[in-house]
Protein chains: 2
Amino acid sequence: MSKASSSVDRVYDRLRQMAANFEFKPDERINESALSTKLGASRTPLREALNRLVAEGFLTFQNGRGFFCRSLSPKRIVDLYEARQAIECEALRRAIARASDEEIRAVLDYLNETEPHYKTCESTMELLEMDEDFHIKLALLSGNSELVSMLRNINDRIRYVRLVDLKMILAKKQIAKNEGAKLSAHRIVLNALAARDEDAAVLAMRNHIERRREEATEAVRIAYSQLYVPAE
Amino acid sequence: MSKASSSVDRVYDRLRQMAANFEFKPDERINESALSTKLGASRTPLREALNRLVAEGFLTFQNGRGFFCRSLSPKRIVDLYEARQAIECEALRRAIARASDEEIRAVLDYLNETEPHYKTCESTMELLEMDEDFHIKLALLSGNSELVSMLRNINDRIRYVRLVDLKMILAKKQIAKNEGAKLSAHRIVLNALAARDEDAAVLAMRNHIERRREEATEAVRIAYSQLYVPAE
DNA sequence: TCATACAGAATTGTATACAGCAATATATGC
DNA sequence: GCATATATTGCTGTATACAATTCTGTATGA
């Protein structure tokens with residue numbers, strides 16, 4: 001009746017979350033026995049899940065030495081941001097060609113609903129989730145499930161750094177506070193999409209992501225230090 | 001000293017090849033016991049390899065029912081071609097910004113060396129390999145390893161259809177035979193790259209891939225029938 | 001003829017065992 | 001004290017066993 005999720009799936013979901021949040025430290029070696037008892041499953045399903053995560057880029061694997069957390073390097077994050085630009089801009093192009101006005105309208109409704117919270121929201125994690133949701137909804141308009149799953153993968157792999165980046169931005173906004181009247185980047189993209197203006201939409205999207213990409217190196221630096229500083 | 005490749009790795013490489021070539025028929029269920037004896041390894045490493053391939057999009061997995069070959073649908077192939085456009089065009093942009101003249105020159109040398117064979121080559125498989133190699137070399141100029149590995153994944157997943165497509169093209173060329181003097185699409189892209197002309201390069205690349213994408217539906221139809229017709 | 005129920009066979013899901021390798025600690029020579 | 005060799009420990013890699021589930025074929029009833 002309900003979902004009969006297997007041990008592998010449970011373990012996989014949990015591990016993916018842990019890996020995304022860098023609950024394994026960068027380059028840390030993963031002890032299978034310890035982890036298997038912690039997750040309440042034997043090593044067999046655990047290793048199957050670990051292998052999936054290797055293929056997805058969350059972990060690495062060295063023969064005879066086992067599984068390791070991926071490293072956290074600025075270069076890698078910048079590469080992923082570039083890949084994100086590629087995927088999201090392509091998705092946008094396809095959305096312009098294929099999405100119905102109603103579908104676009106639905107995303108606009110979501111934006112209208114969530115945008116007020118951009119300023120007031122307390123939790124940066126919630127903020128990031130809203131942001132990711134918006135981008136995924138946009139990508140879904142492309143009708144291309146490969147692009148969507150690629151974007152999901154990238155988002156999960158850069159989430160930790162994005163969270164740090166977002167905190168940086170908010171800290172600066174507190175000082176600057178001049179963003180009030182300006183159209184949000186999301187709205188600019190969506191307006192161009194609704195007008196079926198491909199060049200404007202793609203350009204806006206590229207710039208939107210580009211701005212974050214430029215901050216990536218600093219964000220990684222902060223993220224790195226944060227991972228090795230006790231949480232007070 | 002040399003690579004101490006494990007059982008999982010051997011099995012994985014072999015399975016990936018088999019999956020790419022649709023040696024498993026679309027949607028076919030995979031019998032683990034039979035496959036493990038065939039590959040000379042027990043089910044444990046086999047399943048680890050299968051899990052990797054699921055994450056890479058070569059296979060699917062249903063809880064309690066096991067592993068299946070991915071299905072072969074025009075929609076999926078078209079989606080992958082679109083993703084390829086996204087990746088390769090982005091890589092090209094970055095190559096224009098970052099690749100040195102020497103690096104570009106090296107790819108040009110490769111093109112000069114291989115292009116003569118485009119017309120004479122007997123084996124369509126070899127032809128496709130040369131084509132893939134060219135595109136990978138181009139992507140490598142981006143300096144972005146994420147884009148490269150994404151492209152590799154896509155190429156492996158559409159290879160079977162591309163092979164069929166290539167045979168179609170060659171069959172038509174036999175009749176048309178008017179391609180002699182025209183610049184190859186590869187050369188147009190590479191020239192624009194060397195001239196650091198982003199718009200021209202990206203446009204040429206998009207068109208180059210677009211042409212194949214348009215043929216995808218027909219190619220899939222042929223591929224599908226070919227898979228179920230005895231090889232005489 | 002079709003749907004349903006059931007029994008047996010086949011297959012998957014997971015735990016466990018153990019051999020072999022890698023990392024670490026200990027001992028030895030200089 | 002330092003480097004090198006050696007023993008010990010711990011962990012990984014793979015095979016195998018068995019329980020749980022799914023599938024297949026057959027029989028039964030409408």
Side-chain angles (χ1 to χ4, degrees), chain A residues 1-19 22-71 228, chain B residues 1-19 22-71 228:
Chain A
M1 193 88 272
S2 64
K3 58 147 193 220
S5 115
S6 72
S7 185
V8 183
D9 288 335
R10 277 190 302 100
V11 168
Y12 167 78
D13 289 339
R14 179 88 185 86
L15 283 180
R16 192 180 157 106
Q17 201 181 5
M18 292 172 72
F22 277 105
E23 293 179 38
F24 307 111
K25 299 273 177 286
D27 302 307
E28 178 188 352
R29 184 175 175 167
I30 292 171
N31 186 319
E32 296 172 16
S33 323
L35 193 55
S36 73
T37 57
K38 177 177 171 182
L39 299 184
S42 79
R43 280 180 56 219
T44 309
L46 170 63
R47 282 178 60 103
E48 292 187 10
L50 290 170
N51 271 286
R52 286 196 213 173
L53 292 166
V54 168
E56 289 179 294
F58 289 98
L59 305 175
T60 62
F61 174 76
Q62 281 178 267
N63 208 309
R65 310 213 321 124
F67 297 87
F68 297 78
C69 182
R70 69 194 187 284
S71 52
Y228 290 98
Chain B
M1 191 93 275
S2 65
K3 58 143 194 229
S5 115
S6 71
S7 186
V8 183
D9 288 335
R10 277 189 301 102
V11 168
Y12 168 78
D13 289 340
R14 179 88 186 86
L15 283 180
R16 192 179 156 105
Q17 200 180 6
M18 290 172 72
F22 276 104
E23 292 179 38
F24 307 111
K25 298 275 177 285
D27 301 306
E28 178 188 350
R29 184 176 177 167
I30 292 171
N31 186 318
E32 296 172 17
S33 325
L35 194 54
S36 73
T37 57
K38 176 177 172 182
L39 299 184
S42 80
R43 279 178 58 220
T44 309
L46 171 62
R47 281 177 61 103
E48 292 188 9
L50 289 170
N51 271 286
R52 288 196 211 171
L53 291 165
V54 168
E56 289 180 293
F58 290 98
L59 304 175
T60 62
F61 174 76
Q62 282 179 265
N63 206 311
R65 310 214 320 124
F67 297 88
F68 298 78
C69 183
R70 69 195 186 283
S71 53
Y228 291 98

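By convention in this document, chain letters (A, B, ...) are assigned in the order of the sequence lines, proteins followed by strands, and residues within each chain are numbered from 1.
The two residues A/Phe68 and A/Ile30 come nearest to each other via the heavy atoms C-CD1, 4.3 Å. The nearest pair of heavy atoms linking B/Asn51 to A/Arg52 is OD1-NE, 2.8 Å.
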**Prompt:** How does each nucleotide of nucleotides 10-15 of chain C score, in 5' to 3' order, for protein heavy atoms under 4.0 Å: base (B), sugar-phosphate only (S), or none (-)?
**Reply:** -SBBBB
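With rounding to whole Å, A/Phe68 atom CZ is found 13 Å from D/dC11 atom P.
The residue from A/Leu50, A/Thr60, A/Leu53 that alone fulfils the side-chain contact (heavy atoms from CB on, under 4.5 Å) condition with A/Phe67 is A/Leu50.
Residues passing the side chain to side chain contact (heavy atoms under 4.5 Å, CB included) test with A/Phe22 are A/Pro26, A/Cys69, A/Arg70, A/Leu72, A/Tyr160, A/Leu227, sequence neighbours excluded.
Checked by atom type and distance alone, the side chain of B/Arg29 pairs as donor or acceptor with a backbone atom of B/Arg65 at under 3.5 Å.
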